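Quick note: numbers below take in every heavy atom, side chains included, and nothing from hydrogens, waters or symmetry partners. Computed from a predicted structure; not experimentally measured.
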Amino acid sequence: MSTSDRDRWNEKYAQRKPVSNVEADEWLIEACGAIARLSSNEDSAKRAVDLACGLGHNSIWLAQQGWSVDGVDVSAEGLLLASQLAAPVDADVNWLEADLDDWMPEPDSYDLAVAFRFLDRETVPRVIAAGLRTGGWLIYETFAAGQLERPGSHIRNPAFTLAPGELPRLFPDFDVVDFREDDLEDRTVQRMLARRR
């Protein structure tokens with residue numbers, strides 16, 4: 001990510017009013033429920049990484065469920081707001097300011113990788129392949145091409161949306177447990193729950 005992208009995100013978050021309520025994405029909650037049903041007791045909550053975590057609402061929720069979480073984002077301002085959101089609910093998250101273009105996790109260090117509303121077809125699969133252990137889980141949701149046709153969509157560039165059926169193809173070494181292309185009330189997305197072989 002370029003310095004201008006980092007500056008743009010920092011400016012966006014610096015102008016944002018603090019929020020007091022923390023709600024995880026519905027797909028994260030649903031997919032974690034499926035993981036709990038599909039996993040044995042020895043697969044109980046361990047280490048998770050939330051890529052491009054923004055204000056950290058998913059990281060905070062995961063920490064509240066017992067995960068040890070690294071929330072990674074390029075924006076120092078966003079992570080400051082995230083840490084302020086985490087404090088009153090006593091969620092212990094390790095906030096990491098890092099550019100995913102340059103950041104590489106320790107090999108096989110995570111049991112769960114989460115990515116929401118962020119698409120980088122090279123970087124995200126590379127980071128996940130490096131950091132997610134065999135048998136680890138991936139929960140992903142990002143914008144599908146239909147988002148471009150929604151009135152008032154902030155996305156104008158087709159490169160920032162997924163073509164039909166594209167998300168599973170970005171992760172060929174994963175077994176897809178659930179994949180959907182959903183038109184939701186406020187967005188059009190692809191959602192995937194997958195497990196690394």
Side-chain angles (χ1 to χ4, degrees), residues 1-2 5-6 9 24-25 27-36 38-40 42-54 56 58-59 61-63 65-75 78-79 82 93-145 157-181 189-197:
M1 185 173 286
S2 69
D5 287 332
R6 176 184 280 113
W9 282 107
D25 279 284
W27 176 237
L28 177 67
I29 296 169
E30 183 181 339
C32 281
I35 290 171
L38 295 168
S39 298
S40 60
E42 57 267 16
D43 285 334
S44 60
K46 297 175 188 169
R47 288 197 70 206
V49 62
D50 184 4
L51 301 172
C53 68
N58 288 329
S59 296
W61 185 84
L62 286 167
Q65 310 312 304
W67 291 88
S68 173
V69 185
D70 289 340
V72 184
D73 200 273
V74 72
S75 171
L79 293 175
V93 176
N94 181 33
W95 304 110
L96 299 172
E97 181 187 347
D99 185 336
L100 291 177
D101 286 344
D102 304 320
W103 182 73
M104 189 60 71
E106 291 293 319
D108 304 320
S109 55
Y110 295 110
D111 305 286
L112 172 65
V114 173
F116 279 77
R117 289 177 295 284
F118 180 72
L119 178 60
D120 185 317
R121 291 169 173 86
E122 294 180 14
T123 300
V124 173
R126 174 182 50 80
V127 168
I128 289 171
L132 194 64
R133 68 170 177 82
T134 300
W137 295 93
L138 170 62
I139 300 172
Y140 207 141
E141 177 186 304
T142 197
F143 296 105
N157 186 340
F160 298 137
T161 64
L162 293 163
E166 181 181 2
L167 188 54
R169 294 194 299 269
L170 297 178
F171 298 92
D173 297 330
F174 284 70
D175 292 320
V176 176
V177 175
D178 195 352
F179 171 69
R180 305 173 189 175
E181 302 193 38
V189 295
Q190 289 184 22
R191 293 172 159 177
M192 186 173 74
L193 170 62
R195 195 168 199 182
R196 187 172 184 188
R197 292 191 206 103

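The side-chain heavy atoms of Val189 and Trp27, taken from C-beta on, include no pair separated by under 4.5 Å. Taking the side chain as every heavy atom from C-beta outward, Arg195 and Leu38 never approach each other to under 4.5 Å.
Within the model, atoms OG of Ser59 and CH2 of Trp67 stand 12.5 Å from one another, a figure rounded to the nearest 0.5 Å. Between the CD atom in Gln65 and the SG atom in Cys32 there is a gap of 7.5 Å [rounded to 0.5 Å]. Note that CZ of Phe179 and OH of Tyr140 are 12.0 Å apart. Values are rounded to the nearest 0.5 Å. Atom-to-atom distance recorded for Leu170:CG and Leu162:CG is 6.5 Å, nearest 0.5 angstrom.
When all heavy atoms are compared, the tightest approach of Ala24 to Asn58 is CA-OD1, 3.4 Å. Taking all atoms of both residues into account, the shortest heavy-atom contact from Cys53 to Gly71 is SG-C, 3.6 Å. The shortest non-hydrogen separation linking Glu181 to Gly165 is OE2-N, 2.8 Å.
In this view, Glu30 and Arg180 satisfy the salt bridge (charged side-chain N to carboxylate O under 4.0 Å, His left out) rule, not counting sequence neighbours. Residues passing the side chain to side chain donor-acceptor pair (under 3.5 Å) test with Glu141, sequence neighbours excluded: Arg187, Arg191. Remark: Ala36 pairs with no residue by the side-chain contact (heavy atoms from CB on, under 4.5 Å) rule, at least two apart or across chains. Residues that satisfy the side-chain contact (heavy atoms from CB on, under 4.5 Å) test with Ala113, not counting sequence neighbours, are Val49, Ile128, Leu132, Leu138. With sequence neighbours excluded, the residues forming a salt bridge (charged side-chain N to carboxylate O under 4.0 Å, His left out) with Asp175 are Arg197, listed by chain and number.
Side chain of Asp178 to backbone of Met192: no donor-acceptor contact under 3.5 angstrom is found. In this structure, the side chain of Asp111 does not engage the main chain of Lys46 through any donor-acceptor pair within 3.5 Å. Listed for the Gln190 side chain is no donor-acceptor partner under 3.5 Å among the backbone atoms of Phe143. Looking at Arg47, its side chain never comes within 3.5 Å of a backbone N or O of Leu112 through a donor-acceptor pair. In this structure, the side chain of Asp120 engages the main chain of Thr123 through a donor-acceptor pair within 3.5 Å. At distances below 3.5 Å, at least one donor-acceptor pair connects side-chain atoms of Asp73 with backbone N or O atoms of Ser75.
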Quiz prompt | Check against side-chain contact (heavy atoms from CB on, under 4.5 Å), Leu51 and Trp103 | solution = CA-CA 11 Å; Leu51 301 172; Trp103 182 73; 4.0 Å; yes
Exercise. Evaluate the side-chain contact (heavy atoms from CB on, under 4.5 Å) criterion for residues Phe118 and Leu100: first the C-alpha distance (whole Å), next the side-chain angles of each, then the deciding distance (0.1 Å), finally the verdict.
Key: CA-CA 11 Å; Phe118 180 72; Leu100 291 177; 3.8 Å; yes
Exercise. Could you walk me through whether Val177 and Trp137 pass side-chain contact (heavy atoms from CB on, under 4.5 Å), step by step?
Key: CA-CA 10 Å; Val177 175; Trp137 295 93; 3.8 Å; yes
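When each of Val124, Leu167, Thr142 is paired with Leu119, the side chain to side chain contact (heavy atoms under 4.5 Å, CB included) condition holds for Thr142 and for no other.
Within the structure, side-chain hydrogen bond (donor to acceptor under 3.5 Å, both in side chains) contacts touching residues 157-171 (residues at least two apart or in different chains) are Arg121-Glu166.
Counting only N and O atoms by type, the side chains of Asp70 and Asn94 include a donor and acceptor under 3.5 Å apart.
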